[in-house]
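First the proteins, then the strands, lettered A, B, ... as listed; each starts at 1.
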Amino acid sequence: MTSLSHLKRLEAESIFIIREVAATCDNPVLLYSIGKDSEVLLHLARKAFFPRPLPFPLLHVDTTWKFREMIEFRERRRRELGFELIVHTNQQGRAAGVDPFASGSRHYTDVMKTQALKQALDKHRFDAAFGGARRDEERSRAKERVFSLRDANHRWDPKGQRPEPWRLFNTRKRPGESFRVFPLSNWTELDVWHYIRAEGLPVVPLYFAAPRPVVHRDGTMIMRDDERLRLQPGEMIETRMVRFRTLGCYPLTGAVDSTASDLDGIIEEMVLSRSSERQGRLIDRDANASMEAKKREGYF
Amino acid sequence: MTQALCEATARRREASEEALVPGAALAERGLLRFITCGSVDDGKSTLIGRLLLEAGLVPDDQLAEAERESKRYGTLGGALDPALLVDGLAAEREQGITIDVAYRYFSTPRRAFIVADTPGHEQYTRNMATGASSAELAIILVDARKGLLPQTRRHSFIVALSGIRHVVVAVNKMDLVDFDRATFQRLEAEYRGLVRDLGFAGITVIPVSARRGDNVVARSSAMPWYRGPALLDFLETVETEAAAGERPGFLLPVQWVNRAGAEFRGYSGTVAAGRLAPGDEVVVLPAGRRSRIERIVTADGDLAAAGGGEAVTVTLADELDISRGDLLADPAQAPQPRHEASARLLWTGEASRLRPGDRYLLLLGTAEAEATVTRLDAALDLESFEPQAAAGLAMNEIGWVGLRFDRPLVATRFDDCRTLGSFILVDRASNETVALGFVDDAGEAPEQEAEATAPAALAGQRPRLVDASWHLTSALAVGLVTLAVTGSAPWGLAAAGADLALRPLLQRLHAGLAELLLAAAGREKAS
């Protein structure tokens with residue numbers, strides 16, 4: 001088996017899943033989080049429907065706390081590729097002043113991410129939403145189906161999942177129910193980077209190591225992306241050579257020390273790495289089985 | 001840092017250094033997809049956790065978390081419980097059981113693996129079957145103290161049903177039977193006897209202790225009498241033959257019709273079998289219309305040919321009415337659309353039982369139809385692995401059925417093509433997936449014969465024994481009737497003898513004629 005055939009096989013499987021949604025769901029949407037997995041997902045979707053343009057829009061849930069470079073990248077890709085993009089922010093949450101510092105990460109994530117996502121899905125009556133999650137990311141994700149059925153309140157029932165043998169997806173649902181669909185389920189983090197390199201896809205520069213201003217907080221390095229991050233007594237801004245393995249809201253995303261400044265460097269670093277990808281995600285550790293709890297509530 | 005953590009870290013560093021080969025070479029190693037199955041508490045999750053741990057494949061932060069949780073939920077008195085590395089749902093950790101399949105991705109310098117850790121509880125058998133459907137090899141765990149359990153039998157049968165041809169029997173908890181060789185040998189003999197007729201190509205039996213790590217990654221000094229490979233060593237080197245599905249002639253189920261502007265009409269799908277190329281003749285089933293492949297369109301440029309597993313979009317030389325669920329096929333090797341099929345079902349419906357006469361939505365490839373269960377021939381008896389008469393199927397039961405479709409459907413035997421030989425049944429009211437199905441016979445044989453014979457116990461073929469006894473019975477009946485009518489024993493005997501000799505001949509003649517007629521009808525419809 002060659003490198004190409006392994007990636008081609010993953011690619012073909014994902015394209016099959018994406019087409020299955022277009023063929024059997026009424027109003028799909030692609031959750032675009034601007035990260036590397038989203039970029040791969042978007043690329044696969046464009047391949048699935050070539051030569052016609054995407055038959056569905058992209059949705060970005062903007063918490064207003066994303067890294068600035070992420071938003072710049074989003075706008076750049078919108079110009080280059082010309083896709084339809086819906087940007088949604090939970091305005092009630094914003095008006096109420098919910099932020100990742102004062103509100104606590106758990107409440108903040110619930111209001112600005114989970115509730116915001118539900119608002120957007122309900123408002124546009126989307127019945128299927130693609131996400132870039134992979135089973136190798138986290139233990140509860142390892143348990144989720146490719147077609148994950150959610151009830152009218154977007155809740156996941158991990159104990160009552162439908163069997164999903166072969167490539168036969170039962171896409172029947174009742175009015176109000178919807179699917180979260182994960183075409184990258186069987187990809188690993190390393191596969192994603194190999195594919196990005198093989199296909200020459202662009203990614204947000206934050207993935208590459210560069211000198212960046214960080215503060216040490218709760219055992220994590222947080223980058224000061226704007227002045228909203230106020231220093232606590234004793235904290236100091238330090239310029240360090242760091243990069244990010246995953247991207248999210250900057251106050252909740254930990255940086256890692258790294259000198260990997262290109263794709264080859266990232267791939268090499270990952271092969272040697274002894275920590276998992278989501279280690280830098282503060283919200284994963286809020287409570288035991290925390291990702292599962294959030295997913296049950298309707299988080300992606 | 002505990003000792004386990006230190007050791008695992010050291011091993012991981014070693015493994016990483018070995019694995020550090022430049023990008024392309026890294027992905028060139030083969031991929032093996034396998035499942036672990038067995039009864040509850042046989043130690044499946046512990047084994048996978050142990051495998052990951054010993055091979056140095058658990059990231060430090062996940063290991064530290066598992067150590068924390070071991071103190072809270074662990075079954076080993078606070079020591080690191082490897083099962084907690086894989087059981088991902090809160091309910092699973094609290095109850096110490098596996099509810100749903102967990103997929104794990106790991107690689108060693110020699111091979112990449114996708115493992116589906118499947119639940120042991122009977123209640124979650126359908127999740128086990130989901131895992132089996134994508135695997136090439138199965139590890140079946142047996143508790144050395146308990147021996148072969150009903151779930152061992154059920155899982156072995158489902159593994160065989162799913163087309164898996166290689167099994168590893170891990171006789172676990174050897175430490176709890178003092179690493180006793182006789183116990184191991186007895187279980188090995190029992191298992192080989194049990195699955196003799198299931199058609200496995202390779203059965204490897206390994207004595208292990210998942211909790212301690214004996215024979216998992218390295219050969220154990222506690223069992224010097226065992227001369228075979230350690231589990232990981234075996235997984236890294238086992239050769240599983242290519243999956244079934246190599247029937248001649250291409251098959252491309254149409255998944256989605258691509259209308260990019262007024263000029264372009266493409267048919268998107270994943271090639272289910274064979275190879276196709278521009279210029280190839282194509283028949284569109286079930287309608288039977290003919291055309292030629294014009295282009296194979298992909299975002300990376302047009303292809304000169306496409307083979308099994310590739311996701312493509314083709315255009316045809318002629319404008320035909322084609323929609324999702326149709327099949328593009330090589331006219332020389334095209335399967336015939338059918339209204340009936342016989343199949344094996346694994347019933348997964350929780351709320352409802354299967355009853356003959358019920359109707360369901362059937363999804364096969366990209367096609368769907370309404371299917372009526374015309375008959376339930378038998379259900380599997382787990383003790384004997386033999387078919388037995390049954391009035392219905394409950395959850396997790398396996399049965400042989402006849403199906404009738406409300407429209408012509410193209411299906412193949414499961415062994416000929418996985419994509420067109422497998423299906424699911426969906427309850428229209430609840431949307432529940434109530435059965436996984438395996439096509440045994442897509443109606444190629446004359447219907448009379450299919451109805452007259454009982455299902456085969458194992459491989460899905462009609463048993464010759466039943467055929468023979470049916471012939472004997474009918475010959476006896478003819479003889480008795482002749483005896484009653486003529487009152488002459490010699491005449492009765494003669495009639496029975498003639499029936500015995502001539503009936504198979506006539507049957508074959510009838511089958512041949514029927515096939516000829518059907519083929520002629522097919523051609524007429526096609527032209």
Smallest separation among heavy atoms of A:Ala12 and B:Gly309, with atom names | CB-O, 3.2 Å
For the student: nearest non-hydrogen atoms of A:Pro51 and B:Ala260, plus distance = CG-CB, 3.9 Å
Name the region of [X], side chain, backbone, both or neither, that has any atom closer than 4.5 Å to a heavy atom of chain B.
X	answer
A:Arg174	both
A:Glu20	both
A:Asn186	both
A:Ser14	neither
A:Arg162	side chain

Identify, with sequence neighbours excluded, every residue that meets ring pair (Phe, Tyr, Trp, His ring centres under 6.0 Å) alongside A:Tyr207.
-> A:Trp193
Measure [X] against the heavy atoms of chain A and call it side chain, backbone, both or neither at under 4.5 Å.
X	answer
B:Ser430	both
B:Glu350	neither
B:Ala135	neither
B:Thr298	backbone
B:Val312	backbone
B:Phe264	side chain
B:Leu364	backbone
B:Arg324	side chain

B:Arg126 and A:Glu164: salt bridge (charged side-chain N to carboxylate O under 4.0 Å, His left out), yes or no, with the steps?
-> CA-CA 9 Å; B:Arg126 60 185 186 180; A:Glu164 202 166 72; over 6 Å; no
Show the numbers, then the answer: is there a side-chain contact (heavy atoms from CB on, under 4.5 Å) between B:Thr270 and A:Glu13?
-> CA-CA 9 Å; B:Thr270 300; A:Glu13 180 183 82; over 6 Å; no
Out of [options], which one racks up the most heavy-atom pairs below 4.5 Å with chain B?
options	result
A:Arg145, A:Arg167, A:Lys173	A:Arg145
A:Lys47, A:Arg135, A:Glu177	A:Arg135
A:Leu168, A:Leu149, A:Ile15	A:Leu168

With a 4.5 Å limit on heavy-atom distance, are the side chains of B:Thr433 and A:Arg172 in contact?
-> no
Side-chain heavy atoms of B:Tyr105 within contact of A:Trp187, under 4.5 Å = no
Between B:Glu310 and A:Arg9, does at least one N-O distance fall below 4.0 Å, as a salt bridge requires?
-> no
Can you tell me which residue pairs pass the side chain to side chain donor-acceptor pair (under 3.5 Å) test with a partner in residues 259-268 of chain B, sequence neighbours excluded?
-> B:Ser268-B:Thr313
Taking atom OG of B:Ser107 and atom CG of A:Leu190, what is their separation to the nearest 0.5 Å?
-> 7.5 Å
Can the ring centres of B:Phe423 and A:Trp166 be said to be less than 6.0 Å apart?
-> no
Donor-acceptor under 3.5 Å (A:Asn170 side chain, B:Asn431 main chain) | yes
May I ask you to decide if A:Ala23's main-chain N or O and B:Gln255's side chain share a donor-acceptor pair within less than 3.5 Å?
-> no
Member of B:Asp300, B:Val297, B:Asn258 meeting the side-chain contact (heavy atoms from CB on, under 4.5 Å) criterion with A:Phe50 | B:Val297
